[in-house]
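Have a look at the structure below, then the notes.
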Amino acid sequence: MATVVASGSDGKEQGVETSVTYYRLEEVAKRNSPEDIWLVIHGRVYDVSRFLNEHPGGEEVLMEQAGGDATESFEDVGHSSDAREMLKQYYIGDVHPVRTRSACKREEAI
Ligand code: HEM
């Protein structure tokens, strides 16, 4: 009796078709209060509102980066792979790849 193991040879694993929400930096910048705080790390947007008082590095450092690009400070700390894994829980979308007028119009039309 042979056992055939399907190993996703077509490469269509989950995640391939998922849609991404894009946020403009202007939108992210508004989320800078302790109740509503977003950060950008490596072009991805994270809503860390519910993580503020759980962050082992304290809430102050997150507040300092609120609404902005925290990539450099995140990397400077040398966060562990556990910390990087945690990012997924707070991921809400990507930074809008293009900031041209036509791209914005296209987005509004969707
Ligand atoms: C959603 C984003 C973040 C997550 C999930 C996160 C997670 C963590 C975790 C799990 C630790 C414990 C140490 C480790 O495992 O590396 C930590 C420590 C720390 N984090 Fe973050 N962090 C985030 C963003 C930031 C940002 C933007 C800063 C900005 C400066 C920062 C500064 C620190 C500092 C200073 C420590 C303490 C390091 C130490 O005492 O050794 N973190 N963070």
Side-chain angles (χ1 to χ4, degrees):
M1 257 202 280
T3 309
V4 179
V5 180
S7 57
S9 54
D10 62 359
K12 282 186 183 159
E13 298 290 343
Q14 57 173 3
V16 175
E17 296 287 338
T18 55
S19 63
V20 175
T21 307
Y22 291 108
Y23 298 98
R24 289 186 213 101
L25 290 173
E26 293 86 336
E27 171 73 11
V28 177
K30 291 181 206 157
R31 313 305 180 117
N32 61 1
S33 69
E35 301 78 40
D36 192 17
I37 156 170
W38 292 7
L39 299 176
V40 174
I41 299 173
H42 293 297
R44 289 169 177 233
V45 183
Y46 299 95
D47 179 346
V48 293
S49 315
R50 63 197 162 88
F51 178 60
L52 260 199
N53 48 22
E54 287 169 28
H55 181 223
E59 49 187 89
E60 243 167 65
V61 288
L62 296 185
M63 279 310 298
E64 274 167 26
Q65 307 296 324
D69 193 324
T71 307
E72 219 178 297
S73 41
F74 182 83
E75 290 302 343
D76 282 353
V77 171
H79 279 94
S80 65
S81 47
D82 278 356
R84 285 162 203 280
E85 194 63 26
M86 285 170 74
L87 285 176
K88 289 181 193 160
Q89 297 173 42
Y90 306 103
Y91 172 75
I92 54 168
D94 287 3
V95 172
H96 204 296
V98 274
R99 295 170 70 199
T100 59
R101 200 167 281 232
S102 60
C104 295
K105 276 195 186 139
R106 214 180 313 132
E107 195 183 58
E108 277 161 18
I110 294 168

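In listed order, ligands and their atoms are each counted from 1.
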Quiz item: From H42 NE2 over to E72 CD, what is the distance, rounded to the nearest 0.5 angstrom?
Solution: 10.5 Å

Quiz item: Could you state the interatomic distance from NE2 (H79) to CE (M86), rounded to the nearest 0.5 Å?
Solution: 8.5 Å

Quiz item: In the protein, which heavy atom is nearest to atom 38 (C) of ligand 1, and how far is it?
Solution: V77 CG1, 4.0 Å

Practice problem: Could you tell me the residue and atom name of the protein heavy atom closest to atom 14 (C) of ligand 1, and the distance to it rounded to 0.1 Å? | Solution: S80 OG, 3.2 Å

Quiz item: Do you know the tightest heavy-atom contact between F74 and L87?
Solution: CZ-CD1, 4.0 Å

Exercise. Show which atoms of ligand 1 fall inside a sub-4.0 Å distance from at least one heavy-atom site of S73.
Key: 29 (C), 30 (C)

Practice problem: Please identify which atoms of ligand 1 are closer than 4.0 Å to at least one heavy atom of M86. | Solution: 5 (C), 10 (C)

Quiz item: Where do K30 and D36 land on the side-chain contact (heavy atoms from CB on, under 4.5 Å) test, with the steps shown first?
Solution: CA-CA 9 Å; K30 291 181 206 157; D36 192 17; over 6 Å; no

Quiz item: Of the protein's non-hydrogen atoms, which lies at the shortest distance from atom 2 (C) of ligand 1, and what is that distance?
Solution: L87 CD2, 3.5 Å

Practice problem: Taking atom types as modelled, find out whether D82 and S80 have a side-chain donor-acceptor pair closer than 3.5 angstrom. | Solution: no

Quiz prompt | Element-labelled atoms of ligand 1 that are located less than 4.0 Å from some non-hydrogen atom of A70 | solution = 27 (C)

Exercise. Can you figure out which of P56, G57, A66 has its heavy atom closest to atom 36 (C) of ligand 1?
Key: G57

Quiz item: Hey, what do you get for OG1 (T21) to OH (Y91), rounding to the nearest 0.5 Å?
Solution: 7.5 Å

Quiz prompt | For the student: nearest non-hydrogen atoms of I92 and Y23, plus distance | solution = O-CE1, 3.6 Å

Quiz prompt | Is_contact(atom 22 (N) of ligand 1), protein non-hydrogen, under 4.0 Å | solution = yes

Quiz item: So, is H55 polar-close to ligand 1, with some N/O to N/O distance under 3.5 Å?
Solution: yes

Quiz item: Roughly how far, to the nearest 0.5 Å, is CG of L52 from CZ of R50?
Solution: 11.5 Å

Self-check item: For atom 8 (C) of ligand 1, the option (of E72, H79, R84, E85) bearing the nearest heavy atom
Solution: H79

Quiz prompt | Shortest non-hydrogen contact between D69 and V40, atoms and distance | solution = OD1-O, 3.3 Å

Quiz item: Counting both backbone and side chain atoms, is some N or O of Y46 under 3.5 Å from an N or O of ligand 1?
Solution: no

Quiz item: Which is it for D82 and ligand 1 at heavy atoms under 4.0 Å: side chain, backbone, both or neither?
Solution: neither

Quiz item: What closest approach, in Å, do D94 and V45 show between heavy atoms, and which atom pair accounts for it?
Solution: C-CG2, 3.8 Å

Exercise. Considering heavy atoms of the protein only, find what lies nearest to atom 26 (C) of ligand 1 and give residue, atom and distance to 0.1 Å.
Key: L62 CD2, 3.6 Å

Exercise. Measure the distance from atom 4 (C) of ligand 1 to every protein heavy atom, then report the residue, atom name and distance (to 0.1 Å) of the closest one.
Key: F51 CE2, 3.4 Å

Exercise. Just jot down the ligand 1 atoms closer than 4.0 angstrom to any heavy atom of V48, in number order.
Key: 1 (C)

